[in-house]
Amino acid sequence: MTKAPVPFLDLVRPHAELEDELVEVVRSALRAAAFVGGPMVEDFEQAFADYCQTRFAVGVASGTDALRFALMAAGIGRGQTVLTVPNTFIATAEAITQAGAQVDFVDVDARTLSMDPLKLREYIETKCQFEPAAGRLINTQTLSAVTAVVPVHLYGQPADMDPIIELAARYQLTVIEDACQAHGAEYLSRSEKRWLKAGSMGRAAAFSFYPGKNLGACGEGGAVTTNDEEVAAKVRMLRDHGQRRKYYHEMEGYNGRLDAIQAGILLAKLKYLPDWNERRREKAAHYRELLAPADHDLALPLEPEWARTVYHLYVVRAKERDQLKDCLSEAGIGTGIHYPIPLHLQNAYLSLGYREGDFPAAECASREVLSLPMYPELTLSQQSYVVEQLLDARTVSTQVQLSCQPALC
Ligand SMILES: *Cc1c(COP(=O)(O)O)cnc(C)c1O
């Protein structure tokens, strides 16, 4: 068993293995001076759409742009409210605000940590009034029209989309998936009786190719997937100053294109993604077996029967999370917390007027979650070392914890 440090993430090894192939992409871009647009971008878009089982994929500059453009292209903007969850990366909420809409939150399911369809229904039934004639759902306090919902496929696991889509259909809400952590994840739709790819279930979906994601660029990148031709066309305009043709601007847009070199790199890496995801699932199974002895006071991630999770992150939960993190760090093991402060308690969203206790499941998760090292190159001996240290630390910290008042969630 290794005693060597285990980094939280290893971005060096996979790129060393692919170095020749990736350098070749850069070389051919240099020789053709193909930096913006062109066949590299189009080939990647086609391949990524095929992979996600959607008609279209439109490359953009980041996952944040993908979310913002997807919302705007679906007609979401000023005077509207968009619902998402509090336990996500701030980009989900930023994109909503930057599209011109007002962000609001519904809590997550305490076990899966993704949007709780029952809480969504509760929000609709207790905070809103539906005007069937106009097909509008109005928040009775803000008088703003609730028009869209952004479920997040957190940690690589799809949200429970069937009941969310059903509610959205009933109340005429647009569904935009935040699939930034879920490239290749699958969801078993009970209504359609088949497995659906993350990114293919909403009106549109956003992906990020930030380097640490399951499919990462060597820089920034993102994509919007959709089956809706109009949405795809609008995203293409939004990413390129609102123009369909050079210097003919249909509207104001942004500089939000995907670099050709990044597209070429992503296309080269995409063919490995199914294998990388499979390896992540194997590591998750190893953690599950190795951590079985700790089951009673360490909660392992739950993979419902309707999910094929791609484990962007492997997140356990423990009451003494901070002590565990420190102990692992001393043993040279990198971990992360996704995320330590739920969005409704961030200074950035103080103006929404929420306080502690408003979203108990998300708040509880923020105190307990701990992301362990997880990547395709992680070895079984590294995992054994992580688990050994975790079990040791747990014994110690549980004793420490017993002498004070444990914060029970
Ligand atoms: C990474 C991420 C984003 C933003 O992607 P960027 O490419 O960094 O802009 C949005 N939402 C979630 C859930 C993410 O993990």
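All ligand and atom numbering here is 1-based and tracks the order in the structure. In this chain, numbering begins with 1 at the start of the sequence shown. We use all heavy atoms of the structure for the numbers below, so side chains are in, but hydrogens, waters and symmetry mates are not.
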With atoms numbered from 1 as shown, which atoms in ligand 1 lie under 4.0 angstrom from a non-hydrogen atom of [X]?
X: T92; value: 11 (N)
X: G63; value: 5 (O), 6 (P), 7 (O), 9 (O)
X: S62; value: 7 (O), 9 (O)
X: C180; value: 2 (C), 3 (C), 10 (C), 11 (N), 12 (C), 14 (C)

Just need the protein heavy atom nearest to atom 14 (C) of ligand 1, so name the residue and atom and give the distance. K213 NZ, 3.1 Å
How far is atom 9 (O) of ligand 1 from its nearest protein heavy atom, and which residue and atom is that? T64 OG1, 2.5 Å
How about [X] and [Y]: does a side-chain donor come under 3.5 Å of a side-chain acceptor?
X: T225; Y: T54; answer: no
X: D162; Y: S189; answer: yes
X: Q46; Y: Y51; answer: no
X: K246; Y: H241; answer: no

Please state which part of [X] comes within less than 4.0 Å of ligand 1, counting heavy atoms only: side chain, backbone, both or neither.
X: T88; result: side chain
X: D178; result: side chain
X: A91; result: side chain

What I want to know is whether E220 and ligand 1 share at least one N or O pair that is separated by under 3.5 angstrom. no
Does the Lys NZ or Arg CZ of R279 fall within the cation-pi geometry relative to Y311 - under 6.0 Å from the ring centre and within 45° of the axis? no
Indicate yes or no for a side-chain donor-acceptor contact from Q102 to the backbone of T97 under 3.5 Å, with no hydrogens or angles considered. no
For F207 together with F48, are the ring centres under 6.0 Å from each other? yes
Could a heavy atom of H312 be found less than 4.0 Å from some atom of ligand 1? no
How are the rings of Y354 and H344 set relative to one another: parallel (under 30°), tilted (30 to 60°) or perpendicular (over 60°)? perpendicular
